[in-house]
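Quick note: residue numbers are just sequence positions, from 1. Everything numeric here is computed off the predicted structure, so don't read it as measured data.
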Amino acid sequence: MLKSLYSGVTGMKNIQTKMDVISNNIANVSTTGFKTGRVRFEDMLSQTNAAAQTGINAQQVGLGVQVGSIDTVMSGGSLQSTGRALDFGIENGDSSFFNVTDGKNTFYTRDGGFYTDPDGNLVTSGGLSVQGYVANPAAVNDDAFDPASLGTAMTPIRIPQTIDGAELQSYNVDSDGFIVGSYSGGKSMVLGRMGLTSFSNPDGLQKSGGNLYTESANSGVPVNGNPADAGYGSIRSGFLEMSNVDLANEFTEMIVTSRSYQANSRSITTSDTMLEELINLKR
């Protein structure tokens with residue numbers, strides 16, 4: 001009898017975990033670049049009352065449920081137009097991430113809402129430096145420009161306000177990630193290129209808060225690359241990636257989870273009623 005009580009307890013406890021994940025998904029439905037989570041369950045140990053024999057199946061009683069996994073679904077969200085030059089969305093690259101750093105640690109993000117600080121450094125809303133391939137010195141934007149001259153090492157991106165006395169007028173980023181600045185005097189200069197980092201198992205990345213992820217033992221090693229290269233997405237300037245949370249699915253899962261919680265509570269109260277009847281045999 002006690003087995004049914006404890007099985008109901010495991011059900012209620014672990015279903016609460018699923019409800020926590022659903023609530024977090026709904027809370028982040030408007031969070032830039034947020035990736036929805038899901039919970040999968042698996043049965044716990046089973047007590048074997050009789051082992052299997054030839055022609056006879058085993059007799060086993062389950063002892064409850066446990067959380068099998070809490071997954072992060074890394075499918076891409078829709079791109080929302082903002083018209084802002086420093087808003088970037090990654091298109092067709094679910095395993096690609098922007099590379100940012102605090103000077104010591106490297107983080108990865110799908111949130112492409114960037115800004116410039118007073119020195120022209122490209123930073124996130126939290127002040128982390130956005131990394132890419134920097135032209136040092138800036139190269140003239142003409143047919144002689146060789147993208148290989150940017151190198152393969154990622155460093156913090158900076159948009160200089162002046163080059164050889166010429167003042168910055170405007171800048172743009174194309175789908176291949178090249179940052180091109182227009183300076184006074186009609187100068188067009190390649191300042192660098194946005195960088196992307198890819199993982200063999202992006203679902204294995206660990207959330208660090210602030211729309212950031214960190215490498216984990218199960219994510220695979222980070223592989224730096226260029227936008228639009230094979231295995232990497234393209235960068236769209238003037239767009240931000242929306243959350244991939246499906247509200248209709250979340251509300252459906254919430255209803256199912258609520259009913260499952262109620263059903264497990266009923267198994268506990270029913271077991272308690274049966275115990276009460278057993279105790280009442282002795283008056």
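Between the side chains of Asn49 and Gln47, a donor-acceptor pair is found at a separation under 3.5 Å. Checking Asn24 against Asp20 by side-chain atom types alone, no donor-acceptor pair falls below 3.5 Å. A donor and an acceptor atom, one from each side chain of Thr162 and Glu167, are nowhere located under 3.5 Å apart. A donor atom on one side chain and an acceptor atom on the other are found under 3.5 Å apart for Gln66 and Glu42. There is no side-chain donor-acceptor pair under 3.5 Å between Ser75 and Asp94. When only modelled atom types and interatomic distance are considered, Asn25 and Thr36 share a side-chain donor-acceptor pair under 3.5 Å.
Considering only heavy atoms from C-beta on, Ser267 stays 4.5 Å or farther from Ser4 through its side chain. Counting only heavy atoms from C-beta outward, the side chains of Asn141 and Met189 never approach each other to under 4.5 Å. A heavy-atom distance below 4.5 Å is not found between the side chains of Thr72 and Leu205. In this structure, the side chains of Asn99 and Leu196 stay at 4.5 Å or more apart for every pair of heavy atoms. The shortest side-chain heavy-atom distance between Ser265 and Met12 falls under the 4.5 Å cut-off. By the 4.5 Å heavy-atom criterion applied to side chains, Ser69 and Phe41 are not counted as neighbours. The shortest distance between side-chain heavy atoms of Gln206 and Tyr213 does not fall below 4.5 Å. The closest side-chain heavy-atom distance from Tyr115 to Asp117 is not below 4.5 Å.
Between Phe199 and Phe97, the angle of the ring planes goes over 60°, which puts this pair in the perpendicular group of the 30/60° scheme.
One distance of note links CE of Met154 with OG1 of Thr197; it measures 4.0 Å at 0.5 Å rounding. Here the CG-CG distance, from Leu191 to Leu168, works out to 7.5 Å after rounding to the nearest 0.5 Å. The distance from atom CZ of Phe88 to atom CZ of Phe114, rounded to the nearest 0.5 Å, is 7.0 Å. Atom CG of Asp111 sits about 6.0 Å away from atom OG of Ser125, to the nearest 0.5 Å. The OG atom of Ser260 lies 12.0 Å from the CG atom of Asn14; values are rounded to the nearest 0.5 Å. Atom CG in Leu122 sits 12.0 Å away from atom CZ in Arg158 (nearest 0.5 Å).
Without hydrogens or angle criteria, Asp246 side chain to Ala248 main chain gives a donor-acceptor distance under 3.5 Å. In this structure, Asn211 contributes its side chain and Thr32 its backbone to a donor-acceptor pair below 3.5 Å.
Between Glu250 and Arg38, none of the side-chain N atoms (NZ, or NE/NH1/NH2) sits under 4.0 Å from a carboxylate O, so this pair counts as no salt bridge.
Glu253 is linked by a salt bridge (Lys or Arg N to Asp or Glu O under 4.0 Å) to Lys18, counting only residues two or more places apart in sequence or in another chain. For Arg236, the salt bridge (Lys or Arg N to Asp or Glu O under 4.0 Å) partners are Glu91, not counting sequence neighbours.
The 12-atom threshold is exceeded at CZ of Arg84, counting heavy atoms of other residues, nucleotides or ligands nearer than 6.0 Å.
The hydrophobic cluster containing Val173 also contains Val140, counting ILVMFWY residues as joined when their side-chain heavy atoms lie under 4.5 angstrom apart, directly or transitively.
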